[in-house]
Amino acid sequence: MENAKTDPKGNMKSDILIIGSGVIGLACAYELSKRGASVTVIDKSEPGLGCSYGNAGWITPCFALPLPMPGMMLKSIKWLLDPLSPLYIKPEPSLFLLEWLLKFLQAMHVRTAQRSIAALTELSKFSLQEYSKISQELGDPFHFTQKGLLMVGQTQQGVDTAVQEMNLVGERGIPGKFLSDSEIKSLEPAITGPLKGGVYFPSEAHAEPFQVVQALAQGAIRNGVKILSSTEAFDFTQMNGKITSIRTTRGVIEANQFVLATGSWSHHLAKRLKLHVPVMGGKGYSMILKSLNPSPQIPILIVDKKIAITPREGTIRLAGTLELVNQDFSINSRRVDAIIHGSRQCLNVPDNPEIIELWRGLRPCTPDGVPIIGYAKSFSNLFVTTGHQMLGLQSAPGTARLAADLLTGQQPIFDPAPFRVDRF
């Protein structure tokens, strides 16, 4: 199936054009291609080299929680003033940042959070099941492993947080079990240091995030999708409430429908269309170390430090922190050191660990912690799917299913209302 043609002027034409080849964009492309849709994907870089590359690799519905949770007000203010806290905002004079923060604080409401958790949980539960199917379809190219996940608390407050989250998601069919310090260390002997307890979620999974994106790309290509790398979109042509084409660094591309799956770049690109997409970049770090002795076999979240630990083949990944920034990709060595120091309190991390790879990237965060998935009211053929905060990998197949249903005019499997573009 040929999905991209050229018009008499030499412009490329496509039915559905997806801007962005991260896990969200390529999951959408793969789902649409299975339905026989004609799809082209473009990206200014290579598939999966943005935020999708360095995340923890968790497929964990137990973390289907929005960033602004009730009761976080005082904690957030304290964190925002501490450059080494799990959540930090880089001070800068910005009206966009101020508006984003005000909406963020407004979202810390019980009813808002309940609606958000319900929506995120449905996406994530579906995605966990779908990843198992995709892994089988594509020959397990991304090491889909279902060993569960441990949340460990070094303080009573950390344990209470883990139990509270277990109860919240337990109401939505995600099983979890409280464990004592000794029970945790019996289940995962690599954990050292004093603990107050924690929670084990037995059904959660993890995978190699970059390999997930590569697998989705190869599956989409086999189904006829055309992927154009090093192709940056910088402007749009519009007429009568529709987008007719986009201008890229590799020429003009026309399409019937356009999908904006551009992560933390979405706000900047949407401004070209005078469209308000309040996505703020949340900088996170991850690093790959040589396997420890002993090395964990189950993914771990150190609740008090918000540090994610993921076992890999021959190595281990540490990830954490969230800095709300405006397209700032600089590396803060103090935050890198804080991840290593925090991990050392739980694992046998050496004093000067050999870091094989250090990564930082921007997670796309909306003020209410729920992704934007739906048509923009300003343009009848512009579809937006972005703002997945730290849940991009774990919710990508669910997002793709909802997006594909709406793009192809089918009855959506999920209620699209919580994700609508114009809710801000």
Within the distance-only criterion (no hydrogens, no angle test), does the side chain of [X] pair as donor or acceptor with the backbone N or O of [Y] below 3.5 angstrom?
| X | Y | answer |
| --- | --- | --- |
| Ser33 | Tyr30 | yes |
| Arg172 | Leu168 | yes |
| Gln389 | Gly387 | no |
| Arg360 | Ile331 | no |
| Glu254 | Ser14 | no |
| Ser286 | Asn55 | no |
| Glu188 | Ala190 | yes |
| Ser116 | Gln114 | no |
| Asp304 | Gln154 | yes |
| Arg423 | Phe419 | yes |

Side chains of [X] and [Y], heavy atoms from C-beta outward: is any pair under 4.5 Å?
| X | Y | answer |
| --- | --- | --- |
| Leu382 | Leu275 | yes |
| Arg115 | Pro418 | no |
| Ser132 | Phe144 | yes |
| Lys147 | Pro311 | no |
| Ile59 | Leu393 | yes |
| Gln394 | Val23 | no |
| Gln327 | Phe329 | yes |
| Met287 | Glu357 | no |

Which one of Asp181, Val159, Thr155, Leu179 satisfies the side chain to side chain contact (heavy atoms under 4.5 Å, CB included) criterion with Leu195?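 Single side chain to side chain contact (heavy atoms under 4.5 Å, CB included) partner of Leu195 among Asp181, Val159, Thr155, Leu179: Asp181.
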Distance check, rounded to the nearest 0.5 Å: [X] atom [atom1] versus [Y] atom [atom2]?
| X | Y | atom1 | atom2 | result |
| --- | --- | --- | --- | --- |
| Leu17 | Ile246 | CG | CD1 | 4.5 Å |
| Leu289 | Leu347 | CG | CG | 10.0 Å |
| Lys44 | Ser230 | NZ | OG | 11.5 Å |
| Ile339 | Thr321 | CD1 | OG1 | 5.0 Å |

Under 4.0 Å between a side-chain nitrogen and a carboxylate oxygen: does that hold for [X] and [Y]?
| X | Y | value |
| --- | --- | --- |
| Arg401 | Glu130 | no |
| Asp328 | Lys283 | yes |
| Glu208 | Arg317 | yes |
| Glu31 | Arg35 | yes |

Parallel, tilted or perpendicular: which describes the rings of Phe63 and Trp58, with under 30° parallel and over 60° perpendicular?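 Parallel.
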Assess the residue pair Tyr200 and Phe178 against the criterion (ring-ring contact (aromatic ring centres under 6.0 Å, His included)); give the C-alpha distance rounded to whole Å, side-chain angles, the decisive distance to 0.1 Å, and a yes or no. CA-CA 6 Å; Tyr200 177 56; Phe178 173 79; over 10 Å; no
Can you list the steps and then say if Tyr131 with Gln136 is a side chain to side chain donor-acceptor pair (under 3.5 Å)? CA-CA 9 Å; Tyr131 270 122; Gln136 295 175 18; over 6 Å; no
What do the steps show when you test Trp100 against Phe96 for ring-ring contact (aromatic ring centres under 6.0 Å, His included), and what is the final call? CA-CA 6 Å; Trp100 193 98; Phe96 173 58; 7.9 Å; no
